[in-house]
Amino acid sequence: MALHATAFSFTGVSTSSKASSSSLLSVFPAPRRCTVKAASQCPPSFPRCKIQGRALPSDNGPLEKDESSLVVCFGEMLIDFVPTISGLSLAEAPAFKKAPGGAPANVAVGISRLGGSSAFIGKVGEDEFGYMLAEILKENNVNSDGMRFDPGARTALAFVTLRKDGEREFMFYRNPSADMLLQEDELDLELIRKAKVFHYGSISLITEPCKSAHIAAAKAAKDAGVILSYDPNLRLPLWPSAESAREGILSIWDTADIIKISEEEISFLTQGEDPYDDNVVRKLYHPNLKLLLVTEGPEGCRYYTKDFSGRVKGIKADAVDTTGAGDAFVAGILSQLASDVSLLQDEGKLRDALSFANACGALTVMERGAIPALPTKEVVLNALLKSVA
């Protein structure tokens with residue numbers, strides 16, 4: 001299917017995202033340290049990068065972490081502004097907490113927090129928010145060699161309304177934002193090709209030139225034998241229409257090896273069919289797919305492979321903010337998969353990995369903001385032990 005690309009001003013989006021949860025796992029590589037070299041013309045309180053033309057690569061030092069289980073995350077990184085009080089409209093909120101976000105970046109940080117090896121590829125503005133986000137990646141030991149800085153566009157912003165139940169509504173500011181302007185010739189193809197897993201969403205498919213960069217990056221990964229992981233992360237008002245969103249999301253569906261979707265996304269993609277009906281879900285299972293995951297918030301998740309399927313229960317949590325819960329879940333499962341691909345064929349191992357991923361999601365909803373709330377391996381394992389006690 002052809003993709004529809006369009007320029008986007010700013011708008012609000014109503015969407016909901018739920019948490020997940022439950023059991024243990026084992027092999028976690030040691031954390032890696034990264035550095036960002038400084039140069040001129042950047043705010044003194046932020047990591048600085050060489051100023052050269054339209055896009056600036058960030059320059060990390062040599063990696064100290066074993067990259068055999070590297071997960072490269074492609075797409076957007078932005079600033080979420082989260083109300084300090086839940087249950088109010090954006091206009092009524094007395095104040096907002098600034099928090100780094102963006103689904104692919106959340107996953108990259110989540111994997112690193114869990115002890116895994118991760119990298120982020122995307123573009124931010126050559127502004128204070130952009131340098132702040134680069135610093136956050138560095139602080140969380142995420143490789144940012146593939147991060148670019150655009151001097152002509154701002155870092156994207158999203159204001160998030162928290163309802164009393166912790167669910168969210170978004171208002172995005174992208175007119176256009178820097179993440180939409182990543183070009184194919186700015187890709188770090190070497191970084192992509194050495195990944196074990198290449199993870200992405202669908203927001204990077206909405207506009208050019210980022211759409212072409214996304215397709216080229218995924219092709220380079222596929223050609224190199226990298227596992228492709230896809231979380232559509234539907235944000236409907238960012239698309240020109242519901243139909244273009246459905247067409248765009250499904251246009252790259254058959255290239256993914258692993259797909260994670262929510263109940264709401266199943267209903268959207270199947271145009272209203274029952275997301276709890278296994279026959280409906282199986283319609284989304286393409287012939288080359290290795291694993292289809294359906295998140296069900298606090299209820300846990302369902303999994304589907306060619307040979308087996310089932311459900312893994314979640315951990316109950318008091319939801320403060322569900323922002324990033326799905327990304328924490330993805331980070332949990334990919335951190336396990338990258339270190340042991342055999343879990344795709346071993347149902348017992350897969351269920352353990354999904355219990356771990358569910359716990360990651362559940363813990364994330366207990367704090368405000370996405371990246372600030374992402375748990376460490378130690379916190380997840382403690383939660384799992386308590387859940388079985």
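Contact of the E264 side chain with the L234 side chain is not registered, since no non-hydrogen atoms from C-beta on lie closer than 4.5 Å. Looking only at side-chain heavy atoms (C-beta outward), I266 and E273 stay at 4.5 Å or farther from each other. Side-chain atoms of L114 and T376, non-hydrogen and from C-beta on, never get closer than 4.5 Å to each other. The side-chain heavy atoms of V124 and D179, taken from C-beta on, include no pair separated by under 4.5 Å. Side-chain contact between V160 and F81 is absent, with no heavy-atom pair separated by less than 4.5 Å. Side chains of S177 and M180 form a contact here, defined as non-hydrogen atoms less than 4.5 Å apart. Contact annotation: the side chain of K260 approaches that of T295 to within less than 4.5 Å [non-hydrogen atoms, C-beta and beyond]. Proximity of S229 to L334: side-chain heavy atoms (C-beta onward) are separated by under 4.5 Å at one or more points.
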Full working for side-chain hydrogen bond (donor to acceptor under 3.5 Å, both in side chains) between D307 and T305: CA-CA 5 Å; D307 301 319; T305 73; 5.2 Å; no
Pair E299-K316, salt bridge (charged side-chain N to carboxylate O under 4.0 Å, His left out): steps then yes or no: CA-CA 8 Å; E299 301 305 314; K316 304 300 181 186; 3.2 Å; yes
Residue pair F129, Y131: steps toward the ring-ring contact (aromatic ring centres under 6.0 Å, His included) verdict: CA-CA 6 Å; F129 282 146; Y131 293 121; over 10 Å; no
I259 and Y285: CA distance, side-chain angles, deciding distance, side chain to side chain contact (heavy atoms under 4.5 Å, CB included) verdict: CA-CA 9 Å; I259 297 174; Y285 197 99; over 6 Å; no
Working for side chain to side chain contact (heavy atoms under 4.5 Å, CB included), residues L344 and L350: CA-CA 6 Å; L344 292 172; L350 178 61; 5.5 Å; no
Stepwise side chain to side chain contact (heavy atoms under 4.5 Å, CB included) test for V281 and L292: CA-CA 9 Å; V281 177; L292 177 63; 3.6 Å; yes
Audit row: L293, I261, side chain to side chain contact (heavy atoms under 4.5 Å, CB included) steps and yes/no: CA-CA 6 Å; L293 297 170; I261 46 176; over 6 Å; no
K138/S144 under side-chain hydrogen bond (donor to acceptor under 3.5 Å, both in side chains): CA gap, chis, key distance, verdict: CA-CA 7 Å; K138 184 183 82 166; S144 60; over 6 Å; no
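Heavy atoms of other residues, nucleotides or ligands lying less than 6.0 angstrom from CG of D223 number more than 12. Atom NZ of K306 has more than 12 heavy atoms from other residues, nucleotides or ligands within 6.0 Å. Crowding of Q345 atom CD: a count of heavy atoms from other residues, nucleotides or ligands under 6.0 Å exceeding 12. Enclosure of atom CZ in R154 is not indicated, since only 12 or fewer non-hydrogen atoms of other residues, nucleotides or ligands lie within 6.0 angstrom.
Checking E92 against S89 by side-chain atom types alone, a donor-acceptor pair falls below 3.5 Å. Y276 and E296 share no side-chain donor-acceptor pair at under 3.5 Å. Counting only N and O atoms by type, the side chains of D257 and Y230 include no donor and acceptor under 3.5 Å apart. Judged purely by distance below 3.5 Å, without hydrogens or angles, the side chains of S212 and E208 pair a donor atom with an acceptor atom. Looking only at atom types and distance, the side chain of N140 has no donor-acceptor partner in the side chain of S112 under 3.5 Å away.
One N or O on the side chain of E265 and one on the backbone of N233 form a donor-acceptor pair closer than 3.5 Å. Side-chain atoms of W253 come within 3.5 Å of backbone atoms of L284 as a donor-acceptor pair (strictly under, hydrogens ignored). Here the side chain of T155 pairs a donor or acceptor atom with the backbone of G125 at under 3.5 angstrom. At least one donor-acceptor pair closer than 3.5 Å links the side chain of H286 to the backbone N or O of A256. No donor-acceptor pair under 3.5 Å is formed between the side chain of R282 and the backbone N or O of D277. Under the 3.5 Å distance criterion, the side-chain polar atoms of S118 are matched with a main-chain donor or acceptor of A108. The backbone N or O of G300 sits nowhere less than 3.5 Å from a side-chain atom of R311 that would complete a donor-acceptor pair. Under a 3.5 Å cut-off, the side chain of K222 and the backbone N or O of T255 do form a donor-acceptor pair. Between the side chain of R113 and the backbone N or O of L374 there is at least one donor-acceptor pair closer than 3.5 Å. R368 places no side-chain N or O within 3.5 Å of a backbone atom of A99 that could act as its donor or acceptor partner.
Between the NZ atom in K211 and the CD atom in E184 there is a gap of 12.5 Å [rounded to 0.5 Å]. How far CG of D231 is from OG of S202: 8.0 Å, rounded to the nearest 0.5 Å. A distance of 10.0 Å separates SG in C210 from CD in Q183, rounded to the nearest 0.5 Å. Residue D145 holds its CG atom at 9.0 Å from CD1 of I121, rounded to the nearest 0.5 Å. Here L343 contributes atom CG and I333 contributes atom CD1; the two are 5.5 Å apart, rounded to the nearest 0.5 Å.
If you run side-chain contact (heavy atoms from CB on, under 4.5 Å) between K196 and each of L337, V72, V341, only V341 comes through.
Aromatic ring centres of F74 and H214: separated by under 6.0 Å.
Residues R148 and E126 are not paired through a salt bridge, judged by the lack of any N-O separation under 4.0 Å between the basic side chain and the carboxylate. Contact check on K123 versus E186 returns a salt bridge, with a Lys/Arg side-chain nitrogen under 4.0 Å from an Asp/Glu carboxylate oxygen.
Of all heavy-atom pairs between Q336 and G332, the closest is CG-O, 3.1 Å. Summarising the geometry of A153 relative to L181, their closest heavy-atom pair is CB-CD1, 3.5 Å, with the distance given to 0.1 Å. Scanning all heavy atoms of the two residues, the minimum distance from G146 to L191 falls at N-CD2, 4.0 Å. The minimum heavy-atom distance linking R174 with A156 is given by the pair CG-CB, 4.2 Å. Closest approach of Y304 to S309, counting heavy atoms only: CD2-CB, 3.8 Å. Looking at every heavy atom in both residues, L205 comes nearest to I215 through CD2-CG1, 4.4 Å.
Residues passing the ring-ring contact (aromatic ring centres under 6.0 Å, His included) test with F96 are F159, sequence neighbours excluded.
Using a 30° and 60° split on the angle between ring planes, F170 and F172 fall in the parallel class, below 30°.
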